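Down below is the structure, laid out as structure tokens.
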Amino acid sequence: MTLRLFNTLTGQFDPLEPADGIALRMYACGPTVYDYGHIGNFRTFLQIDVLRRFLLLSGMQIRHVMNITDVDDKIIRNSIEAGIPIGEYTAGYVKAFFEDMEALGIERPEQIVRATEHIPQMVKLVEKLAASGAAYRTDDGSWYFRLKAFPEYGKLSKKDLSGMEDGARVDVDEYEKDSARDFALWKAPKPGETSWDTAIGRGRPGWHIECSTMAMEYLGESLDLHAGGEDLMFPHHENEIAQSETATQKTFARHWMHVRFLLVDGRKMSKSEGNFYTPRDLLLKGYKASAIRLALIAVPYRRQFNFTFDSLTDATNAIDRLRTFHSRLSSGRFATGENSAMQEAAKKAQEDFMAALNDDLNTADALAPVFDLVRAGNTAIDQGQFFTGDRDAILQVLEDFDAVFDVIKDRDAEVTKRALKWATETGRMAEVAVELVAAQTLTDEAIEALVVERSAAKKARDFARADRIRNELQEKGVVIEDSKDSVRWKRK
RNA sequence: GGGCCGGUGGCGAAGUGGCUAACGCGCGGGUCUGCAAAACCUGUAUUCGCGGGUUCAAUUCCCGCCCGGCCCUCCA
């Protein structure tokens with residue numbers, strides 16, 4: 001069974017398979033590192049992460065390349081304002097981006113490439129286009145792509161630009177472009193701007209040429225899949241297609257995946273709306289990294305996701321249910337043997353889980369069988385109809401689930417700890433939720449000691465004292481769960 | 001103006017031309033527990049934005065309308 005993934009280019013659900021029959025060659029547009037990434041950025045990266053993890057789980061090999069755009073207008077502007085070179089300016093945000101990826105459990109692509117390290121290759125591509133007449137130089141030293149050279153322009157975004165007359169609704173700007181829609185391949189430097197001295201003149205690359213160049217450099221002239229946020233479809237991806245296909249006369253990417261934007265409280269997220277959040281903001285408010293991940297993943301990638309704090313709370317609680325069940329399986333004692341009904345339930349959950357993801361990565365649908373299995377398992381355990389063989393079968397399903405969703409394995413405490421460290425270093429402690437600070441005052445060892453103390457009090461039937469300890473822990477965000485053979489605790 | 005997506009219970013959300021409309025969260029009742037928590041049982045949409053049409057049968061297909069959102073410029 002193979003994944004049928006919606007293909008923007010064909011408008012259909014096409015099977016996603018490597019053309020060479022070996023490894024899927026995929027390219028994903030990465031971040032422009034002029035600031036911290038926000039949850040909108042990360043929804044896209046997270047959904048692409050779901051794709052790559054699912055492909056790997058399905059046994060496919062992949063070669064996944066992601067770029068980092070470390071030179072662009074905003075970067076140049078901000079670095080000039082800060083009075084530092086662009087490399088120095090972007091370094092901090094590149095580092096932050098990797099930290100955020102790790103915090104959210106986004107796997108590293110096989111290859112991460114940076115625009116500023118591929119200038120010569122970009123220049124070569126511009127030269128190739130120029131040689132065929134598809135690129136031209138203007139008086140200021142910039143280079144443009146001649147849209148007329150690529151009649152198929154608009155095939156991805158399904159735009160018919162032929163009726164669009166130059167000068168009607170589009171500015172014919174200060175550069176002497178032949179046609180208003182022609183886009184920049186290479187930009188001549190303005191005074192004080194970072195630039196490279198190259199065979200096509202001094203300047204810096206346009207955004208679109210970066211991706212074309214790096215994608216083809218590492219994956220060849222024809223890719224299996226190209227992915228990115230929906231906004232990139234036009235003009236960015238359309239321009240990539242125009243440049244690449246004009247240069248190679250080959251299909252640039254057979255399959256295009258676009259992740260839908262998210263809203264925040266029903267509105268487009270923006271700084272001016274005051275509804276702009278980074279993962280760091282949410283961590284400092286006390287939300288767990290796993291909850292952010294699940295919330296951003298649980299609504300399928302082609303559907304608009306409305307982010308709210310309720311959605312994070314819901315995700316937190318859902319994860320708690322999964323983790324509680326998981327630890328009940330791992331720590332519980334069961335008799336040897338198996339229950340055939342449980343075995344079947346595990347098998348069915350596994351199949352349904354895979355089938356849902358094979359259906360255009362339907363993450364919402366994929367969660368259902370897992371939760372069904374949780375209930376069936378809990379019920380069987382409660383009734384004493386649960387055995388070691390069942391535990392093993394179910395743990396395997398949960399492992400596969402987590403290979404894609406990655407929320408049961410609990411790294412939340414360390415991620416939060418790092419966020420707090422960052423807040424300290426950058427003077428943002430005032431933004432940190434008070435409960436979060438309170439929770440940090442207790443080490444795991446201190447909690448263990450209190451739990452032991454409480455158990456002793458309970459055994460002595462000193463319930464007042466036991467409850468006092470439980471309340472104290474509760475105030476610091478630690479919840480206690482008594483079970484037959486043990487006491488579990490967790491940080492809320 | 002042009003292109004496009006969505007409107008399913010208190011919230012999020014899956015889904016299908018006819019099977020009891022998944023799953024998660026929340027809330028009510030119960031079981032268990034010293035009390036909790038967890039877990040389980042149970043109740044929470046006779047109904048899928050509104051109006052019309054096609055059909056033996058529509059939430060699912062078609063048309064119109066209303067509402068929300070996105071793109072057409074930098075943006076994940």
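The chains referred to below are lettered A, B, ... by the order of the sequence lines, with proteins before strands, and numbering in each begins at 1. Please read all numbers here as calculations on a predicted model, not as lab measurements.
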**Report entry** Test salt bridge (charged side-chain N to carboxylate O under 4.0 Å, His left out) applied to A:Lys347 and A:Glu344, step by step
**Finding:** CA-CA 5 Å; A:Lys347 185 162 173 278; A:Glu344 264 172 56; over 6 Å; no

What nucleic acid atoms does [X] come within less than 4.0 Å of, heavy atoms only: base, sugar-phosphate, or nothing?
X: A:Val299; value: sugar-phosphate
X: A:His38; value: base
X: A:Asp73; value: nothing
X: A:Glu230; value: sugar-phosphate
X: A:Pro300; value: sugar-phosphate
X: A:Ser311; value: nothing
X: A:Leu232; value: sugar-phosphate

Report task. Would you kindly check if the NZ (Lys) or CZ (Arg) of A:Lys458 is within the cone defined by 45 degrees around the ring axis of A:Phe463 and under 6.0 Å from the six-membered ring centre? Result -> no

Report task. Could you check A:Glu99 against A:Arg280 for salt bridge (charged side-chain N to carboxylate O under 4.0 Å, His left out), going step by step and ending with a plain yes or no? Result -> CA-CA 10 Å; A:Glu99 286 167 358; A:Arg280 286 157 200 259; 2.9 Å; yes

**Report entry** Presence of A:Asn378 side-chain N/O under 4.0 Å of B:A39 phosphate oxygens OP1/OP2
**Finding:** no

Query raised in the report: For B:G69, does either OP1 or OP2 sit under 4.0 Å from a side-chain N or O belonging to A:Arg303?
Result: no

Report task. Verify whether the ring centers belonging to A:Phe13 and A:Phe6 lie closer than 6.0 Å. Result -> yes

When you compare [N] with [M], how far apart are their [atom1] atoms, in angstrom units rounded to a whole number?
N: B:G7; M: B:G49; atom1: C1'; value: 6 Å
N: B:U20; M: B:U55; atom1: C1'; value: 24 Å
N: B:C25; M: B:G9; atom1: C1'; value: 13 Å
N: B:U46; M: B:A38; atom1: P; value: 29 Å
N: B:G10; M: B:A22; atom1: P; value: 16 Å
N: B:C67; M: B:G24; atom1: C1'; value: 27 Å
N: B:G29; M: B:C65; atom1: C1'; value: 43 Å
N: B:C61; M: B:C56; atom1: C1'; value: 16 Å

Parallel, tilted or perpendicular: rings of [Y] and [X] (30°, 60°):
X: A:His236; Y: A:His208; result: tilted
X: A:His258; Y: A:His237; result: tilted
X: A:Tyr218; Y: A:His118; result: perpendicular
X: A:Phe252; Y: A:Trp256; result: tilted

Tell me which nucleotide among [options] gets nearest to the side chain of [X].
X: A:Arg454; options: B:G6, B:G34, B:C75; result: B:G34
X: A:Gln304; options: B:G69, B:G34, B:C72; result: B:G69
X: A:Asn362; options: B:G15, B:C23, B:C72; result: B:G15
X: A:Phe234; options: B:C40, B:C72, B:C70; result: B:C72
X: A:Ala368; options: B:C23, B:C75, B:A37; result: B:C23

Report summary line: Sorted by chain and residue number, the side-chain hydrogen bond (donor to acceptor under 3.5 Å, both in side chains) partners of A:Glu435 (sequence neighbours excluded) come out as none

Query raised in the report: In chain order, what residues pass the side-chain hydrogen bond (donor to acceptor under 3.5 Å, both in side chains) check against A:Gln343, with sequence neighbours excluded?
Result: A:Asp390

Within [range], which residues have any heavy atom lying less than 4.0 Å from an atom of RNA chain B?
range: residues 256-271 of chain A; value: A:Arg260, A:Phe261, A:Leu262, A:Leu263, A:Gly266, A:Lys268
range: residues 461-472 of chain A; value: A:Phe463, A:Asp467, A:Arg470
range: residues 316-325 of chain A; value: A:Asn317, A:Ala318, A:Arg321, A:Thr324

Query - Matching residue for A:Arg204 among A:Asp72, A:Asp73, A:Thr194 - test: side-chain hydrogen bond (donor to acceptor under 3.5 Å, both in side chains) - result: A:Asp73

Query raised in the report: Under 3.5 Å, side chain of A:Gln47 to main-chain N/O of A:Leu296, donor-acceptor pair present?
Result: yes

Requested in this report: Could you tell me whether the side chain of A:Arg293 and the main chain of A:Gly105 form a donor-acceptor pair under 3.5 Å?
Outcome: yes

Query raised in the report: Want to know the stems of RNA chain B: at least 3 consecutive Watson-Crick or G-U pairs with distances under 3.5 Å, which are they?
Result: B:1-7 with B:66-72, B:10-12 with B:23-25, B:26-31 with B:39-44, B:49-53 with B:61-65

Query - Sequence neighbours excluded - side-chain hydrogen bond (donor to acceptor under 3.5 Å, both in side chains) pairs with any residue from residues 37-46 of chain A - result: A:His38-A:Asn41

Requested in this report: Could you note down all residue pairs passing side-chain hydrogen bond (donor to acceptor under 3.5 Å, both in side chains) where residues 294-312 of chain A supplies at least one of them, sequence neighbours left out?
Outcome: A:Tyr301-A:Asp360, A:Arg302-A:Asp360

Pairs: protein N or O with nucleotides 27-32 of chain B N or O, under 3.5 Å:
none

Report task. Show your working on salt bridge (charged side-chain N to carboxylate O under 4.0 Å, His left out) between A:Glu102 and A:Arg108 and close with a plain yes or no. Result -> CA-CA 8 Å; A:Glu102 208 181 320; A:Arg108 287 223 186 191; 5.7 Å; no

Query - Stepwise side-chain hydrogen bond (donor to acceptor under 3.5 Å, both in side chains) test for A:Thr379 and A:Asp382 - result: CA-CA 5 Å; A:Thr379 303; A:Asp382 286 353; 5.9 Å; no

Close N or O pairs between protein and nucleotides 59-62 of chain B (under 3.5 Å):
none

Query - Residues forming a salt bridge (Lys or Arg N to Asp or Glu O under 4.0 Å) with A:Glu399, sequence neighbours excluded - result: none

**Report entry** Non-neighbouring partners of A:Arg53 that pass salt bridge (Lys or Arg N to Asp or Glu O under 4.0 Å), sequence neighbours left out
**Finding:** A:Asp49, A:Glu107, A:Asp406

Query - A:Glu481: which of A:Lys492, A:Arg470, A:Lys490, A:Arg323 passes salt bridge (Lys or Arg N to Asp or Glu O under 4.0 Å) - result: A:Lys490

Requested in this report: Could you walk me through whether A:Asp402 and A:Lys409 pass the salt bridge (charged side-chain N to carboxylate O under 4.0 Å, His left out) test, one step at a time?
Outcome: CA-CA 7 Å; A:Asp402 229 28; A:Lys409 189 159 38 65; 5.3 Å; no

Report task. Would you mind reading off the distance between A:Phe353 atom CZ and B:C23 atom P, rounded to a whole angstrom? Result -> 17 Å

